[in-house]
2 protein chains.
Amino acid sequence: MDKSICPRFEKAMGFLSQRWTGMIIYQLLSGPQRFCTIESSIGVSGRVLSERLKDLENEGIVKREVFPETPVRIEYSLTDKGLALKPLMNSIEDWSQNWL
Amino acid sequence: MDKSICPRFEKAMGFLSQRWTGMIIYQLLSGPQRFCTIESSIGVSGRVLSERLKDLENEGIVKREVFPETPVRIEYSLTDKGLALKPLMNSIEDWSQNWL
DNA sequence: GTTAGTTAGTTACTTTATGTAAGTAAGTAT
DNA sequence: ATACTTACTTACATAAAGTAACTAACTAAC
(Lines give C-alpha, C1' and ligand atoms only; values in the text may rest on other atoms or scores of the structure.)
Protein backbone atom coordinates (compact mmCIF):
# COMPACT_ATOMS: atom_id res chain seq x y z
CA MET A 1 0.00 0.00 0.00
CA ASP A 2 1.31 3.41 -1.01
CA LYS A 3 -1.43 5.48 0.62
CA SER A 4 -0.35 8.88 -0.54
CA ILE A 5 -3.99 9.89 -0.34
CA CYS A 6 -5.15 12.67 1.97
CA PRO A 7 -6.57 11.04 5.11
CA ARG A 8 -9.33 13.65 5.38
CA PHE A 9 -10.47 12.89 1.88
CA GLU A 10 -10.38 9.20 2.68
CA LYS A 11 -12.46 9.70 5.77
CA ALA A 12 -15.06 11.73 3.89
CA MET A 13 -15.19 9.14 1.16
CA GLY A 14 -15.46 6.40 3.75
CA PHE A 15 -18.54 8.10 5.13
CA LEU A 16 -20.23 8.56 1.80
CA SER A 17 -19.39 4.99 0.89
CA GLN A 18 -21.51 3.66 3.68
CA ARG A 19 -24.83 2.56 2.36
CA TRP A 20 -27.66 5.07 3.02
CA THR A 21 -25.50 7.79 4.54
CA GLY A 22 -25.67 9.95 1.43
CA MET A 23 -29.38 9.49 0.99
CA ILE A 24 -30.06 10.34 4.63
CA ILE A 25 -28.12 13.59 4.32
CA TYR A 26 -29.78 14.41 1.02
CA GLN A 27 -33.18 13.83 2.57
CA LEU A 28 -32.37 16.04 5.55
CA LEU A 29 -31.37 18.86 3.21
CA SER A 30 -35.08 19.41 2.65
CA GLY A 31 -35.54 20.18 6.34
CA PRO A 32 -35.75 18.58 9.79
CA GLN A 33 -37.49 15.24 9.78
CA ARG A 34 -38.54 12.48 12.08
CA PHE A 35 -37.33 8.92 12.08
CA CYS A 36 -40.30 7.34 10.33
CA THR A 37 -40.33 9.99 7.61
CA ILE A 38 -36.72 9.37 6.66
CA GLU A 39 -37.30 5.66 6.85
CA SER A 40 -40.19 5.66 4.43
CA SER A 41 -38.93 8.34 2.07
CA ILE A 42 -35.65 6.65 1.20
CA GLY A 43 -36.58 3.04 1.96
CA VAL A 44 -33.90 2.32 4.53
CA SER A 45 -34.58 -0.21 7.27
CA GLY A 46 -35.08 1.01 10.82
CA ARG A 47 -32.16 -1.03 11.99
CA VAL A 48 -29.67 0.66 9.70
CA LEU A 49 -31.26 4.10 9.92
CA SER A 50 -30.86 4.02 13.69
CA GLU A 51 -27.22 3.03 13.31
CA ARG A 52 -26.46 5.70 10.71
CA LEU A 53 -28.17 8.50 12.59
CA LYS A 54 -26.06 7.69 15.64
CA ASP A 55 -22.88 7.76 13.55
CA LEU A 56 -23.88 11.03 11.91
CA GLU A 57 -24.73 12.56 15.26
CA ASN A 58 -21.38 11.48 16.71
CA GLU A 59 -19.68 13.00 13.71
CA GLY A 60 -21.50 16.30 14.27
CA ILE A 61 -23.29 16.18 10.95
CA VAL A 62 -26.78 15.53 12.29
CA LYS A 63 -28.57 16.93 15.34
CA ARG A 64 -31.25 15.06 17.29
CA GLU A 65 -34.00 16.99 19.04
CA VAL A 66 -36.68 15.58 21.33
CA PHE A 67 -40.13 17.17 21.57
CA PRO A 68 -42.02 15.68 24.55
CA GLU A 69 -45.40 15.66 22.85
CA THR A 70 -47.79 12.76 22.64
CA PRO A 71 -46.61 10.53 21.20
CA VAL A 72 -43.06 11.78 21.47
CA ARG A 73 -41.69 13.55 18.42
CA ILE A 74 -38.02 13.36 17.61
CA GLU A 75 -36.58 15.46 14.84
CA TYR A 76 -33.33 15.00 13.01
CA SER A 77 -31.71 17.90 11.25
CA LEU A 78 -28.40 18.89 9.72
CA THR A 79 -25.80 20.90 11.62
CA ASP A 80 -23.66 23.48 9.80
CA LYS A 81 -21.20 20.71 9.06
CA GLY A 82 -24.04 18.74 7.51
CA LEU A 83 -25.46 21.67 5.58
CA ALA A 84 -21.99 22.23 4.14
CA LEU A 85 -22.50 19.01 2.21
CA LYS A 86 -25.04 20.68 -0.05
CA PRO A 87 -22.56 21.57 -2.82
CA LEU A 88 -21.43 17.96 -2.81
CA MET A 89 -25.01 16.77 -3.23
CA ASN A 90 -25.46 19.26 -6.05
CA SER A 91 -22.40 17.82 -7.76
CA ILE A 92 -23.92 14.38 -7.64
CA GLU A 93 -27.19 15.74 -8.96
CA ASP A 94 -25.43 17.54 -11.82
CA TRP A 95 -23.46 14.51 -12.86
CA SER A 96 -26.46 12.22 -12.70
CA GLN A 97 -28.48 14.59 -14.86
CA ASN A 98 -25.78 14.86 -17.49
CA TRP A 99 -24.56 11.29 -17.65
CA LEU A 100 -27.22 8.84 -16.50
CA MET B 1 -42.05 4.34 0.85
CA ASP B 2 -42.67 7.73 -0.70
CA LYS B 3 -39.74 7.71 -3.13
CA SER B 4 -40.19 11.16 -4.56
CA ILE B 5 -36.45 11.17 -5.17
CA CYS B 6 -35.00 11.48 -8.67
CA PRO B 7 -34.08 7.99 -9.85
CA ARG B 8 -30.94 9.25 -11.59
CA PHE B 9 -29.74 10.80 -8.39
CA GLU B 10 -30.48 7.59 -6.55
CA LYS B 11 -28.53 5.58 -9.06
CA ALA B 12 -25.53 7.89 -8.84
CA MET B 13 -25.66 7.76 -5.06
CA GLY B 14 -26.00 4.00 -5.18
CA PHE B 15 -22.78 3.83 -7.13
CA LEU B 16 -20.84 6.09 -4.82
CA SER B 17 -22.20 4.22 -1.84
CA GLN B 18 -20.51 1.04 -2.91
CA ARG B 19 -17.34 0.58 -1.01
CA TRP B 20 -14.17 1.52 -2.96
CA THR B 21 -15.94 2.84 -6.04
CA GLY B 22 -15.23 6.45 -5.16
CA MET B 23 -11.61 5.78 -4.29
CA ILE B 24 -11.04 3.90 -7.53
CA ILE B 25 -12.40 6.79 -9.56
CA TYR B 26 -10.41 9.30 -7.52
CA GLN B 27 -7.26 7.30 -8.10
CA LEU B 28 -7.87 7.08 -11.83
CA LEU B 29 -8.26 10.85 -12.01
CA SER B 30 -4.47 11.03 -11.72
CA GLY B 31 -4.12 9.07 -14.96
CA PRO B 32 -4.40 5.58 -16.48
CA GLN B 33 -3.23 2.86 -14.13
CA ARG B 34 -2.80 -0.86 -13.97
CA PHE B 35 -4.57 -3.27 -11.69
CA CYS B 36 -1.79 -3.76 -9.15
CA THR B 37 -1.17 -0.02 -8.88
CA ILE B 38 -4.77 0.75 -8.00
CA GLU B 39 -4.82 -2.19 -5.62
CA SER B 40 -1.80 -1.04 -3.64
CA SER B 41 -2.47 2.69 -3.74
CA ILE B 42 -5.92 2.57 -2.18
CA GLY B 43 -5.64 -0.73 -0.31
CA VAL B 44 -8.57 -2.52 -1.89
CA SER B 45 -8.47 -6.30 -2.19
CA GLY B 46 -8.00 -7.83 -5.64
CA ARG B 47 -11.28 -9.64 -5.35
CA VAL B 48 -13.32 -6.47 -4.89
CA LEU B 49 -11.21 -4.37 -7.26
CA SER B 50 -11.84 -6.86 -10.04
CA GLU B 51 -15.56 -6.74 -9.33
CA ARG B 52 -15.70 -2.93 -9.22
CA LEU B 53 -13.68 -2.41 -12.38
CA LYS B 54 -16.08 -4.68 -14.24
CA ASP B 55 -19.07 -2.73 -12.95
CA LEU B 56 -17.46 0.59 -13.80
CA GLU B 57 -16.57 -0.64 -17.27
CA ASN B 58 -20.12 -1.85 -17.85
CA GLU B 59 -21.37 1.52 -16.73
CA GLY B 60 -19.08 3.28 -19.20
CA ILE B 61 -17.12 5.09 -16.52
CA VAL B 62 -13.88 3.17 -16.90
CA LYS B 63 -12.07 1.87 -19.97
CA ARG B 64 -9.85 -1.23 -20.02
CA GLU B 65 -6.95 -1.43 -22.44
CA VAL B 66 -4.68 -4.42 -23.05
CA PHE B 67 -1.03 -3.99 -24.06
CA PRO B 68 0.41 -7.34 -25.16
CA GLU B 69 3.84 -6.76 -23.66
CA THR B 70 5.74 -9.09 -21.42
CA PRO B 71 4.31 -9.61 -18.97
CA VAL B 72 1.00 -8.33 -20.24
CA ARG B 73 0.10 -4.80 -19.21
CA ILE B 74 -3.51 -3.80 -18.72
CA GLU B 75 -4.40 -0.20 -18.13
CA TYR B 76 -7.55 1.21 -16.65
CA SER B 77 -8.56 4.77 -17.36
CA LEU B 78 -11.57 7.05 -17.07
CA THR B 79 -13.91 7.70 -19.97
CA ASP B 80 -15.48 11.14 -20.47
CA LYS B 81 -18.31 10.00 -18.24
CA GLY B 82 -15.75 9.11 -15.60
CA LEU B 83 -13.75 12.31 -16.00
CA ALA B 84 -16.98 14.24 -15.51
CA LEU B 85 -16.90 13.08 -11.91
CA LYS B 86 -13.97 15.36 -11.17
CA PRO B 87 -16.10 18.27 -9.85
CA LEU B 88 -17.79 15.81 -7.52
CA MET B 89 -14.44 14.62 -6.21
CA ASN B 90 -13.42 18.24 -5.73
CA SER B 91 -16.57 18.82 -3.67
CA ILE B 92 -15.65 15.96 -1.40
CA GLU B 93 -12.12 17.29 -1.11
CA ASP B 94 -13.37 20.79 -0.27
CA TRP B 95 -15.74 19.59 2.39
CA SER B 96 -13.18 17.30 3.96
CA GLN B 97 -10.64 20.13 4.14
CA ASN B 98 -13.10 22.52 5.76
CA TRP B 99 -14.86 20.21 8.17
CA LEU B 100 -12.71 17.23 9.08
C1' DG C 1 12.33 -29.04 -20.59
C1' DT C 2 11.55 -27.92 -15.97
C1' DT C 3 11.67 -24.43 -12.53
C1' DA C 4 10.93 -19.77 -11.39
C1' DG C 5 9.05 -15.01 -12.07
C1' DT C 6 5.69 -11.70 -13.77
C1' DT C 7 0.73 -9.53 -14.02
C1' DA C 8 -4.03 -10.10 -13.78
C1' DG C 9 -7.05 -11.99 -12.20
C1' DT C 10 -10.31 -16.11 -9.77
C1' DT C 11 -11.78 -19.37 -6.09
C1' DA C 12 -12.85 -21.05 -1.51
C1' DC C 13 -13.54 -19.74 2.89
C1' DT C 14 -14.23 -16.33 6.90
C1' DT C 15 -15.85 -12.12 8.75
C1' DT C 16 -18.70 -8.05 8.53
C1' DA C 17 -22.73 -5.41 6.94
C1' DT C 18 -27.37 -5.20 5.80
C1' DG C 19 -32.31 -6.81 5.41
C1' DT C 20 -36.48 -8.63 7.75
C1' DA C 21 -39.68 -9.18 11.07
C1' DA C 22 -40.92 -9.35 15.69
C1' DG C 23 -40.40 -7.20 20.21
C1' DT C 24 -39.75 -3.30 23.74
C1' DA C 25 -40.51 1.28 26.12
C1' DA C 26 -43.01 5.29 27.15
C1' DG C 27 -46.87 7.71 26.78
C1' DT C 28 -52.18 8.59 25.91
C1' DA C 29 -56.75 7.39 24.91
C1' DT C 30 -60.73 4.01 25.35
C1' DA D 1 -56.85 -3.52 31.22
C1' DT D 2 -56.43 -3.11 26.23
C1' DA D 3 -55.21 -0.84 22.37
C1' DC D 4 -52.55 2.75 19.72
C1' DT D 5 -48.66 5.69 18.65
C1' DT D 6 -43.45 6.60 17.61
C1' DA D 7 -38.84 5.36 18.09
C1' DC D 8 -36.21 2.36 18.53
C1' DT D 9 -33.76 -2.66 19.59
C1' DT D 10 -33.08 -7.64 19.10
C1' DA D 11 -32.60 -12.08 16.90
C1' DC D 12 -31.99 -14.27 12.93
C1' DA D 13 -31.07 -14.76 7.65
C1' DT D 14 -28.84 -13.16 3.57
C1' DA D 15 -25.52 -10.40 1.00
C1' DA D 16 -21.14 -8.05 0.63
C1' DA D 17 -16.30 -7.67 1.62
C1' DG D 18 -11.66 -9.38 3.45
C1' DT D 19 -7.91 -12.99 3.16
C1' DA D 20 -5.01 -16.05 1.25
C1' DA D 21 -4.11 -19.51 -1.89
C1' DC D 22 -4.49 -20.70 -6.67
C1' DT D 23 -4.69 -20.36 -12.04
C1' DA D 24 -3.48 -18.65 -16.84
C1' DA D 25 -0.39 -16.94 -20.02
C1' DC D 26 3.85 -15.66 -21.08
C1' DT D 27 9.23 -15.27 -20.66
C1' DA D 28 13.67 -16.11 -18.88
C1' DA D 29 17.09 -18.82 -16.51
C1' DC D 30 19.14 -23.27 -15.36
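Just the heavy atoms: all of them, side chains too, but no hydrogens, waters or symmetry mates, feed the values below. Chain A is the first sequence line, chain B the second, and so forth, proteins listed ahead of strands; every chain is numbered from 1.
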- With DNA chain D as reference, determine whether B:V44 or A:R73 sits nearer its 5' end, using the nearest nucleotide of each. A:R73
- Item | Nearest listed nucleotide, side chain of B:W20, among C:dA8, D:dA17, C:dT18 | D:dA17
- Task: With the side chain of B:F35 defined as its heavy atoms from C-beta on, choose the nearest nucleotide among C:dG19, C:dG27, C:dG9.
- Result: C:dG9
- So do the side chains of A:L78 and A:L85 get within less than 4.5 Å of each other, counting heavy atoms only? no
- Query: When you measure from the side chain of A:R52, which nucleotide among C:dT6, D:dA17, C:dT18 comes out closest?
  - Reply: C:dT18
- Message: Rounded to whole Å, how long is the line connecting atom CD1 of A:I42 with atom P of C:dT18?
- Response: 13 Å
- Query: So what does B:T70 hit on the nucleic acid, given a heavy-atom distance under 4.0 Å: a base, only sugar-phosphate, or nothing?
  - Reply: sugar-phosphate
- Among C:dT18, D:dG18, D:dC8, which is the nearest nucleotide to the side chain of A:S50? D:dC8
- Between the side chains of B:E57 and B:Y76, is a donor N or O closer than 3.5 angstrom to an acceptor N or O? no
- Message: Using whole Å, what does the distance between atom P of nucleotide C:dT10 and atom CD of B:E39 come to?
- Response: 12 Å
- Message: For the helix from C:dG1-D:dC30 to C:dT30-D:dA1, what angle separates the axis at the start from the axis at the finish, each from five pairs, in steps of 10°?
- Response: 30°
- Which listed nucleotide (D:dT19, D:dA7, C:dA8) is nearest to the side chain of B:R64? C:dA8
- Would you check if A:R19 and A:V44 make a side-chain contact, meaning some heavy-atom pair closer than 4.5 Å? no
- Item | Over 12 non-hydrogen atoms of neighbours within 6.0 angstrom of NZ in B:K81 | yes
- Taking CD from A:Q18 and C1' from D:dA16, how many angstroms apart are they, rounded to a whole number? 14 Å
- Task: Would you classify A:Y76 as touching base, sugar-phosphate or nothing, given that sugar-phosphate means primed atoms plus P, OP1 and OP2, and contacts are heavy atoms under 4.0 Å?
- Result: sugar-phosphate
- Message: Let's see if you can work this out: which of C:dT10, D:dT27, D:dT9 has an atom nearest to the side-chain heavy atoms of A:K54?
- Response: D:dT9
- Query: Whole Å only: how far is the CZ atom of A:F67 from the P atom of D:dT6?
  - Reply: 16 Å
- How do A:S45 and A:P71 order along DNA chain C: which one's closest nucleotide is nearer the 5' end? A:S45
- Gap between atoms CG and P, on A:L53 and C:dT18 respectively (whole Å): 14 Å
- Query: In whole angstrom, what separates B:D55's CG from D:dA15's C1'?
  - Reply: 15 Å
- Query: With a 3.5 Å cut-off and just heavy-atom distances, do the side chain of B:R19 and the base of D:dA17 make a donor-acceptor pair?
  - Reply: no
- Task: Please report, rounded to the nearest Å, how far the C1' atom of C:dA29 is from the CD atom of A:E69.
- Result: 17 Å
- Query: Is A:Q27 close to B:I5 at the side-chain level, that is, under 4.5 Å between some pair of heavy atoms?
  - Reply: yes
- Item | side chain to side chain contact (heavy atoms under 4.5 Å, CB included) assessment of B:I92 paired with B:Y26 | CA-CA 10 Å; B:I92 299 176; B:Y26 179 76; over 6 Å; no
- Atom CD1 of A:I24 and atom P of C:dT18: how far apart are they, to the nearest Å? 10 Å
- Item | Straight-line distance of B:L16 CG to B:M89 CE, nearest 0.5 Å | 6.0 Å
- Under 3.5 Å, is there a donor-acceptor pair between the side chain of B:S17 and the main chain of A:S17? no
- Heavy-atom nearest nucleotide on DNA chain D taken for A:E75 and for B:R47; more 5' hit belongs to A:E75
